[in-house]
Amino acid sequence: MEASFDITLQMVIAVVAGISAQVLAAYIKVPSIVFLLLFGIFFGSDGIGLLHPHLLGIGLEVIVALATAIILFEGGLDLELRELGRVSTSLQLLVTLGTLITLMGGSMAAHWLGEFPWPIAFLYASIVVVTGPTVITPLLKQIKVDRQVATLLEGEGILIDPVGAILAVVVLDTILNGDADPINAITGLLVRLGIGAAIGGAGGWLLSQFFKRANILSFELKNLVVLASVWGLFTLAQMIRSESGLMTTVMAGAVFANSSVPEERLLRHFKGQLTILCISVLFILLAADLSIASVFALGWGSLFTVLALMFVVRPINILLCTWNSDLNWRQKVFLSWVAPRGIVSASVASLFGILLTQRGINGGDAIKALVFLTILMTVFCQGLTASWVARLLGITLKQATGAVIVGCNPLSILIARFFQERGETVVMIDTDPEASQKAQAENLRVLTSSALDANVLEEAGLDSVGTFLAMTKNGEVNFVLAQRAAEEFDPPRALAVFPRDPQAGTKNQSKVLQAFLPDFKIKTWNQHLDDEQVKLGTMTLKNPGFSLQKIQLQALIRTGDLLPLFVERDDKINLMAAGETWQVGDRLIYLLHDPRPDLLKRLSGGNQSTRLSLENLPEVEEIPIGKLSQLSATDAPTP
């Protein structure tokens with residue numbers, strides 16, 4: 001009983017410490033691996049001594065294997081084949097030629113600078129050829145580099161993990177069995193990759209077909225079916241050929257994700273949560289088992305080895321693999337700088353250290369210490385400075401512009417025209433062909449389809465625009481659309497026209513902003529536009545007179561005569577959100593209800609519609625003081 005409690009205690013401490021590190025990293029906005037490593041070392045034998053992973057025995061190897069399978073499957077889910085196609089040649093070279101360059105360069109550095117024997121030097125280099133999506137993906141979410149660089153880094157991290165891990169196994173087999181024939185080594189690598197890819201591809205396709213037809217199963221049960229399938233495919237591949245399971249999980253995830261599976265978005269969330277848990281526990285356990293004394297015992301030669309890997313081998317790798325690409329020198333410098341190692345390197349190094357020690361071969365502890373030194377230096381040096389380097393090189397995404405608008409109605413078409421006339425891209429989506437034709441008549445790009453389909457949103461380019469706006473006639477549908485868009489594509493601004501009092505309390509905590517006004521009546525303003533009873537106006541809020549201007553606008557808003565559409569601040573223009581706080585210097589663009597244009601049109605016998613022009617309207621700029629006195633500043637709504 002006491003032994004089982006000790007193991008339970010180890011797992012509980014690992015989970016609590018891992019999740020705490022994740023929370024702290026999210027709060028401070030740094031890569032989570034930084035605190036995972038620090039927390040693991042702190043709780044380990046070289047820290048306060050609460051964690052002793054060796055108590056888990058062979059169970060640690062089981063945990064590492066199953067958790068790595070989940071991590072790589074989730075990485076496969078994130079592989080977007082259409083995006084990878086844009087950088088396919090460079091990516092192929094990074095996974096093939098780049099692996100060879102890192103293997104040769106890393107082994108030479110470890111042998112000549114770190115004074116490791118050639119077999120151990122090659123084993124070290126084979127372990128650190130991987131970069132690791134568990135570090136790269138969170139890093140890219142924080143720094144928002146341009147899409148081409150992000151896709152290349154993510155693709156490299158995901159695809160090179162199984163290649164590197166299998167390569168390391170081949171090198172280890174060569175060391176343990178004394179077989180130095182390169183033909184056998186290459187054959188072993190290709191056989192494992194081939195078996196893994198075949199099983200993973202077939203398994204991912206069968207799983208996607210099952211998902212498309214298993215309508216009787218609850219979503220929770222489907223999640224567990226996927227989990228069981230991933231582990232089943234991984235184990236099957238391992239039974240056929242050792243270490244081929246790593247490639248199996250990546251391929252299964254990639255095939256499954258690109259098969260248009262229903263509810264894939266929710267599945268990604270479930271697998272993402274499992275991945276965070278697995279990464280947290282693994283890093284804590286593996287870092288806790290690290291001996292700091294063994295790291296310092298490596299000497300200066302090992303430090304120079306890692307520096308050579310970072311500042312000599314990696315730049316050569318990027319230079320050769322992107323030679324004929326359309327990447328500019330700034331993008332190449334950033335790719336050369338960012339190559340942090342992650343969980344696969346740590347787990348493989350820990351397992352190999354154990355195997356080498358068991359077989360009586362010297363170097364097990366040293367190679368583990370050198371790999372962890374590489375992880376520490378690349379994560380802290382590259383991970384913590386990546387944002388600064390990206391800004392210095394000027395490759396961060398500029399303030400995203402343009403919009404994707406769901407719902408083709410008079411007001412949404414007006415807003416779309418406004419974006420387009422400013423030179424910004426705009427795409428509209430509607431299921432109604434007649435409504436779509438009206439938007440197309442205004443030379444707007446329209447997709448006649450459902451915005452509930454993530455592929456439609458992707459086709460609209462939502463991953464590269466600044467604003468998503470849902471303004472159909474149904475407020476609840478608008479909110480659901482905006483919420484899904486925010487969760488899956490994370491645009492800078494996601495707005496929707498929905499009721500003042502949302503039914504679900506979680507709405508107030510979401511990323512979705514309520515568009516325009518709390519009590520916005522879309523049907524009324526569409527009717528005003530159809531009847532040509534509106535004017536398009538602009539006003540700049542100035543000081544002195546700021547308070548009076550606010551009261552003027554609020555008075556007209558309360559009477560239903562004015563609808564604020566945009567606010568321009570610091571040369572950036574955004575759709576107005578309900579609750580927006582106006583500031584001195586803001587330029588507001590609004591619609592003013594005015595029945596006179598329609599009346600004058602009827603009196604003149606005209607029947608041609610005219611485009612609205614932006615102007616300073618005296619009806620707003622010079623509103624009578626007598627009308628303002630009817631409203632006090634206290635009871636006027638504050639935007």
Side-chain angles (χ1 to χ4, degrees), residues 1-27 32-74 132 134 138 220-221 223-232 234-235 238 245-246 249 269-294 342-355 357-358 364-365 368-369 371-372 375:
M1 179 65 72
E2 184 177 349
S4 64
F5 178 76
D6 288 341
I7 295 176
T8 302
L9 182 61
Q10 295 298 301
M11 291 304 300
V12 170
I13 293 174
V15 171
V16 172
I19 300 303
S20 299
Q22 292 278 3
V23 172
L24 186 58
Y27 180 76
S32 59
I33 189 176
V34 172
F35 287 106
L36 289 171
L37 289 171
L38 292 177
F39 278 35
I41 294 172
F42 175 75
F43 285 102
S45 56
D46 282 359
I48 61 177
L50 285 180
L51 266 181
H52 303 282
H54 66 273
L55 295 177
L56 300 177
I58 198 172
L60 179 60
E61 298 180 39
V62 176
I63 293 172
V64 169
L66 295 180
T68 302
I70 293 176
I71 293 169
L72 292 182
F73 178 77
E74 200 265 343
T134 57
E220 290 77 14
L221 187 55
N223 278 335
L224 296 179
V225 168
V226 173
L227 177 61
S229 300
V230 170
W231 280 342
F234 173 78
T235 305
Q238 291 287 93
L246 298 175
T249 55
H269 288 176
F270 173 69
K271 287 295 178 287
Q273 292 171 341
L274 279 181
T275 299
I276 291 174
L277 177 62
C278 291
I279 292 172
S280 303
V281 173
L282 282 186
F283 262 119
I284 292 294
L285 290 175
L286 297 178
D289 200 36
L290 176 66
S291 170
I292 300 300
S294 65
I343 190 64
V344 173
S345 292
S347 58
V348 171
S350 298
L351 293 179
F352 284 10
I354 295 172
L355 291 174
T357 302
Q358 290 174 348
D365 290 338
K368 177 183 175 181
V371 170
F372 268 89
I375 294 172

>> For the OG atom of S347 and the CG atom of L285, what is their distance to the nearest 0.5 Å?
In response: 12.0 Å
> Can you tell me how far CG of L9 sits from CG of L50, rounded to the nearest 0.5 angstrom?
Replying inline: 7.5 Å
> Do you know which two heavy atoms are closest between A67 and L282, and how far apart they sit?
Replying inline: CB-CD1, 3.5 Å
>> Test your reading of the model: is there a side-chain donor-acceptor pair from Q10 to the backbone of H52, 3.5 Å cut-off?
In response: yes
> Rounded to the nearest 0.5 Å, what separation is found between the CG atom of L66 and the CH2 atom of W231?
Replying inline: 5.5 Å
> Do M11 and V281 have side-chain heavy atoms sitting under 4.5 Å apart?
Replying inline: yes
> Side chains of S20 and F35: does their closest heavy-atom pair fall under 4.5 Å?
Replying inline: no
> Would a 4.5 Å heavy-atom cut-off, applied to side chains only, mark L286 and P53 as touching?
Replying inline: no
>> Do L24 and F39 make a side-chain contact, defined as non-hydrogen atoms from C-beta onward lying under 4.5 Å apart?
In response: yes
>> Counting neighbours of CD1 on I48 that are heavy atoms of other residues, nucleotides or ligands and sit closer than 6.0 Å, is the number greater than 12?
In response: yes
> Given side chains that start at C-beta, do those of V344 and L246 come closer than 4.5 Å, heavy atoms only?
Replying inline: no
> Measuring from L55:CG to D289:CG, what's the distance to the nearest 0.5 Å?
Replying inline: 10.0 Å
>> Can you give me the closest heavy-atom contact between F283 and G342, atom names plus distance?
In response: CZ-C, 3.6 Å
> Counting only heavy atoms not in D365, do more than 12 sit closer than 6.0 Å to its CG atom?
Replying inline: no
> Could you state the interatomic distance from CD1 (I41) to CD1 (I284), rounded to the nearest 0.5 Å?
Replying inline: 9.5 Å
>> Could you check whether any side-chain N or O of K368 sits under 3.5 Å from a backbone N or O of S294, counting only pairs where one atom can act as donor and the other as acceptor?
In response: no
>> Quick check: do V226 and F73 have side-chain heavy atoms less than 4.5 Å from each other?
In response: yes
> Under the side-chain contact (heavy atoms from CB on, under 4.5 Å) test, which residues partner L274, sequence neighbours left out?
Replying inline: I70, L227, F270, K271
>> As an exercise, state the distance from CD1 of I19 to CD1 of I276, rounded to the nearest 0.5 Å.
In response: 7.5 Å
> Which pair of heavy atoms, one from Q22 and one from S32, lies closest together, and at what distance?
Replying inline: OE1-CB, 3.2 Å
> Any side-chain heavy atom of L36 within less than 4.5 Å of one from S280?
Replying inline: yes
>> Do D46 and L290 make a side-chain contact, defined as non-hydrogen atoms from C-beta onward lying under 4.5 Å apart?
In response: no
